[in-house]
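One structure is given below, encoded as structure tokens.
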2 protein chains.
Amino acid sequence: MKAKASIVEPHSYSISELAREFDITTRAIRFYEDKGLLKPERRGQTRVYSPEERVRLKLILRGKRLGFSLDESREIIDMYDPAHGNVEQLQRLLERIAQKRALLQQQLRDIESLMGELDEAEVRAQAALVKSRREDNP
Amino acid sequence: MKAKASIVEPHSYSISELAREFDITTRAIRFYEDKGLLKPERRGQTRVYSPEERVRLKLILRGKRLGFSLDESREIIDMYDPAHGNVEQLQRLLERIAQKRALLQQQLRDIESLMGELDEAEVRAQAALVKSRREDNP
DNA sequence: ACAAGAGTTTACGTTAACGTAAACGTAAGG
DNA sequence: CCTTACGTTTACGTTAACGTAAACTCTTGT
């Protein structure tokens, strides 16, 4: 067997590469690290990000798009590995998963109604536009 | 004709009624007013909220659930009445509607993937739970 | 050798969205 | 009349999530 095909995922990223890719500042990335959401390795004192860390960053940003705080995003990310073998913790994890699901369902309903109302708003705006144009050209 | 049936929507609300109904503080409601999101009438110096104002409050809170800032919520609420007759403004309104729609679609995608991942996380957690129980009772 | 560019730490500044508290007015009930 | 509940304004405090700036190190190209 030879290599893994031609898609050679770069196995590491610099902080500015990630900043560019996701259109955020390096300051923000370091901030997430301070808050314990990222733990890049170091080559000397320079931060080196693995593909896994990059995924964590993506999850953080997705959380932000959904209006989650960093703490909430951390909670969600932590749900990904049940390395917390302990029974009690697993129980609580399942509860938190259920809670998040309920929250997401509420968001879904909110989005649906908002979408519907945007449709109506658009219709009204279009109508108002047509009308005001007729008034311009009698 | 007599009355409008038996469902007599109270035509006005006090600030604490609304606070109770939506489980927020009166401080928050006054804050929204300061920010120009609500404009209740006054009976003397006391605030009196119409059903319309109550709806606006609901919209604000829905916006919050979707991670919108108060400014963003105000924008959305303003989309509801195209009283801004002017053509140019209507054009911009339509653009903003399109933008919000795109944003909501992104949120939908985010929610869907997160839901899927929660499913997987739940499966893993359940598995880990079963396993750790077997270890307890050999 | 040195300037430029990317990285680092440390620290103070800022904005949004309220919380908290003080100090006071008004209306109803005992 | 006094308390209690509800309301008001004004103002300072707080938290999250970075921005901004200073001061320094390391690497690299010319």
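Below, chain A is the first sequence line, B the second, and so on; all start at residue 1.
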- Message: If you compare all heavy atoms of B:F68 against all heavy atoms of B:S73, which two are closest, and at what distance to 0.1 Å?
- Response: CB-OG, 3.9 Å
- Figure out the CZ/P separation between B:R27 and D:dT8, and round it to whole Å. 12 Å
- Query: Can you tell me if B:R43 and B:S12 form a side-chain donor-acceptor pair at under 3.5 Å?
  - Reply: no
- Message: If only side-chain N and O atoms count, and only distance matters, is there a donor-acceptor pair under 3.5 Å linking A:Q99 with A:R96?
- Response: no
- Task: State whether A:Y32 and A:K39 meet the cation-pi test: NZ (Lys) or CZ (Arg) under 6.0 Å from the six-membered ring centroid, and within 45° of the perpendicular axis.
- Result: no
- Nearest heavy-atom approach of B:R62 to A:S113 is NH1-OG, 3.2 Å
- Answer yes or no: is there a side-chain heavy-atom contact under 4.5 Å between A:P40 and A:E33? yes
- Report yes if a side-chain nitrogen or oxygen of A:T25 is closer than 4.0 Å to either non-bridging phosphate oxygen (OP1 or OP2) of D:dG19; otherwise report no. yes
- Task: Indicate, with a heavy-atom threshold strictly under 4.0 Å, whether B:T26 touches base, sugar-phosphate, or nothing.
- Result: nothing
- Query: Looking at side-chain heavy atoms only, is the closest gap between A:L118 and B:L104 below 4.5 Å?
  - Reply: yes
- Task: Would you mind reading off the distance between B:L18 atom CG and D:dG7 atom P, rounded to a whole angstrom?
- Result: 10 Å
- Which parts of residues 30-45 of chain B get close to DNA chain D, meaning a heavy atom less than 4.0 angstrom away? B:R30, B:R42, B:Q45
- Note on the structure: Closest non-hydrogen atoms of A:T25 and A:A19, given as atom of the first, atom of the second and distance, are C-CB, 4.2 Å
- Message: Looking at A:S16, I'd like to know whether one of its side-chain N or O atoms comes within less than 4.0 Å of OP1 or OP2 on C:dG7.
- Response: yes
- With a non-hydrogen cut-off below 4.0 angstrom, is A:S14 in contact with a base, only sugar-phosphate, or nothing? sugar-phosphate
- Message: Counting only heavy atoms and a strict 4.0 angstrom limit, can you tell me which residues of residues 57-74 of chain A come near DNA chain D?
- Response: A:K64, A:S69, A:L70
